[in-house]
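Let me begin by presenting the structure, written as structure tokens, before commenting on it.
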Amino acid sequence: QPARFENIFHSVPSAVILTDRDGRIHNMNEAARALLGKPDKDLLLGEWPRAFGLYLQDGVTLFPAESLPPIRVLEGVSDVPAVRMLLRSRSDDQPHTVSMSAAAILSRGGGMDGITVLIQEVEPHEQMQAAERRRADGLHRFSGLLSDSAADINRIANAVAAITSEIIGDLSAVTLLEPGTAKWELVACHDPDPAVALQFREFMEAASYEADETLESAVIAASPEDPAGAPLSPMFNRFIEQAEIAGVLTAPLVGREGPIGAITLFRHRGGQPYSTTDQTFLSDIAGRSALAIENCLLFDSLQSEISARIS
């Protein structure tokens, strides 16, 4: 029986780790050893992120040890959900998106004898499907927000900034051309961290810049050392340097008679680079937004004309 169990244990394709009641590794199957290497026998659970190369999705920040499923199980939490993280594999030194789950090994008396930890690689197509569902849900919610916003440009711009910040990330800014001028005006901005959004708004209020007639949808890599090609004007280079922005994604808002504004996204340091899929999604949002915003502008212009004639 023990030999049969050992054969089954090592034939499991996913990485399986067994620990004792203190969280020290008791056994690892072949898949776990191939993925994680052979750790020190006294390795503590709290040292797993450093020892095994476990990171948050930004690929830079070590995964917080207190959020590891086996630690939560040791703390007595029941039904601990699986969590996703990046793991830099010892076999190929490449980052892999993995799912980690854990469950208690109970003795006959009901006490905890140890923990079983399961680590499974998340297939790329699963990640793509999840991203596609998130974008589809974002478009659906955005369409609803547009309907609710009626002829209110500020509400439309805030909806655009919120949705693009949530679905694509990170800091999203909506700028419009001031009527009758070549000046850009910040209408809305959104970031998961309100302090960052406030910092950007204050930065924009202290600056003035003119529109670039050649503005096109683009993915731009940026860093303090190489703030390549600012999306609207060199002014953005200063913000990129000050906020340590890692990348920029921009799409113009084009009305029937030409550009009326732009949506610009800024990726924080440590985040995933923008992709062509992100660019396509942003362009879709920009197209829908431009039509709604232009209709608002036309409505405002018509109201002003009527008021002028009456007076």
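Since this is a predicted model, take the numbers as computed values, not measurements. Residue numbers start at 1 and run along the sequence shown. Because only heavy atoms are used, hydrogens play no part in the values below, and waters and symmetry mates are left out as well, while side chains stay in.
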Q) Which of these, Asp22, Leu45, Leu68, sits in a side-chain contact (heavy atoms from CB on, under 4.5 Å) with Leu74? A)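 With Leu74 as partner, Asp22, Leu45, Leu68 yield a single side-chain contact (heavy atoms from CB on, under 4.5 Å), made by Leu45.
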Q) Hey, which of Val83, Leu87, Leu86 is the one that makes side-chain contact (heavy atoms from CB on, under 4.5 Å) with Phe63? A)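 The option that passes is Val83.
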Counting C-beta onward and ignoring hydrogens, is there a side-chain heavy-atom pair between [X] and [Y] closer than 4.5 Å?
X      : Y      : result
Leu265 : Asp278 : no
Phe9   : Leu18  : yes
Leu44  : Arg24  : yes
Ile115 : Val117 : yes

Q. How about His268 and Asp193: does a side-chain donor come under 3.5 Å of a side-chain acceptor?
A.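 Short answer, no.
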Q) Taking Asp191 for the side chain and Leu198 for the main chain, is one N or O donor matched with an acceptor at less than 3.5 Å? A)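 No.
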Q) Looking only at atom types and distance, does a side-chain atom of Tyr274 sit under 3.5 Å from a main-chain N or O of Gly169, one as donor and one as acceptor? A)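 Such a contact is found between Tyr274 side chain and Gly169 backbone.
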Between [X] and [Y], which heavy-atom pair has the shortest distance, and what is it?
X      : Y      : answer
Ala104 : Met112 : CB-CE, 3.9 Å
Pro252 : Ala286 : O-CB, 3.6 Å
Ser165 : Asp170 : OG-O, 2.6 Å

Q) In terms of ring plane angle, is the pair Phe266 and Phe200 parallel, tilted or perpendicular, where the classes change at 30° and 60°? A)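 Aromatic pair Phe266/Phe200 classed tilted.
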(Q) Run the side chain to side chain donor-acceptor pair (under 3.5 Å) test against Asn158 and tell me which residues pass, sequence neighbours left out. (A)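 Here no residue qualifies.
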Q) Which residues satisfy the side chain to side chain donor-acceptor pair (under 3.5 Å) test with Arg21, sequence neighbours excluded? A)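 So Arg21 forms a side chain to side chain donor-acceptor pair (under 3.5 Å) with Asp113.
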Q) Is it true that Glu75 and Arg72 make a salt bridge, defined as a side-chain N closer than 4.0 Å to a carboxylate O? A)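 Answer for the salt bridge query: no.
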Q: Look at the side-chain heavy atoms of Ile, Leu, Val, Met, Phe, Trp and Tyr, link any pair under 4.5 Å apart, and say whether Val80 and Met85 land in one connected group.
A: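 Yes, Val80 connects to Met85 through the hydrophobic network.
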